[in-house]
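What you see is a predicted model; the values in this text were computed from it and never measured. Whatever order the structure lists ligands and atoms in, that order sets their numbers, starting from 1. Along the sequence shown, residues are numbered consecutively beginning with 1.
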Amino acid sequence: MTILLRLRSFHFAGLAGLFIACAALTAWSKPKPQTDPAPPIVDPGPLGGPPSDAVVLFDGKDLSKFRGERSPEPKWNLDNGVMATTPYGGLFSKEEFGDCQVHVEWAEPSVVKGTGQGRGNSGVYLMGRYEIQVLDNFDNPTYPNGQCGAFYGHNPPLVNVCRKPGEWQTYDIIFHAPKQLTDGKVQAGSFTVLQNGVLIQDHIPVTGEPTTAAPLHGLASKAPLYLQDHGNPVRFRSVWVRRL
Ligand code: MG
């Protein structure tokens with residue numbers, strides 16, 4: 001009789017344990033209550049963008065979203081939906097940006113001229129300070145932290161993924177601006193860059209030191225995007241920015 005009672009008691013304890021384990025497992029596997037707001041809907045637009053929430057700086061129609069580096073009016077050439085550098089300086093966007101995503105399409109001259117830094121040099125400067133180099137490095141070596149796709153003077157690209165001279169290329173840049181903290185220190189920002197869809201800068205720190213000869217200096221919360229004139233005829237056909 002005593003043995004029978006003990007067996008029943010053991011059986012009951014086992015079932016209770018199993019029940020508790022099942023309840024715990026069910027609670028653990030249940031999805032947490034959804035409290036995140038629904039992400040806003042963005043129409044991605046055609047392949048390559050611009051998406052519906054982008055600030056379109058250039059779509060081939062006019063240069064009205066820019067001012068000249070040395071004049072109120074931009075003095076680049078516009079022909080058949082393409083704008084090209086001239087010797088009258090670079091372009092500043094009229095709008096200012098801090099953290100952002102940038103898409104740029106550009107092409108090096110079809111007729112190859114010059115060597116090293118003198119072949120198809122231009123640049124995309126975030127906040128007018130931090131340059132992602134534009135250069136014709138298809139069969140044209142130069143110093144690594146100054147070649148196409150470099151965070152100029154700071155970090156070379158992971159790979160050389162340049163297309164041939166004359167062919168259209170893309171940059172997709174994710175930029176986080178360095179920030180001035182209240183204790184006087186600087187919180188580094190970052191660059192992540194894809195050229196022609198290939199990762200070339202992988203979350204590289206942006207400490208606040210501008211590219212040599214950058215047109216703007218010092219820390220700021222937002223500033224214009226700058227496209228460089230370096231004396232070489234580089235063409236652009238699509239430039240848009242998404243604020244992050
Ligand atoms: Mg440059």
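Val112 belongs to no multi-residue hydrophobic cluster, having no ILVMFWY side-chain contact under 4.5 Å with any other such residue.
Asn80 CG: 12 or fewer foreign heavy atoms inside a 6.0 Å radius. Crowding of Lys164 atom NZ: a count of heavy atoms from other residues, nucleotides or ligands under 6.0 Å not exceeding 12. Atom NE2 of His203 has 12 or fewer neighbouring heavy atoms from other residues, nucleotides or ligands inside a 6.0 Å radius.
The main-chain N or O of Gly118 is never found under 3.5 Å from a side-chain atom of Lys113 such that the two would form a donor-acceptor pair.
For the Mg ion (ligand 1), protein N/O/S neighbours under 2.8 Å (waters excluded) are Asn121 OD1, Ser122 O, Glu131 OE2, Gln133 OE1, Gln228 OE1.
Within the cation-pi definition used here (under 6.0 Å to the ring centroid, within 45° of the axis), Arg163 does not qualify as a partner of Trp168.
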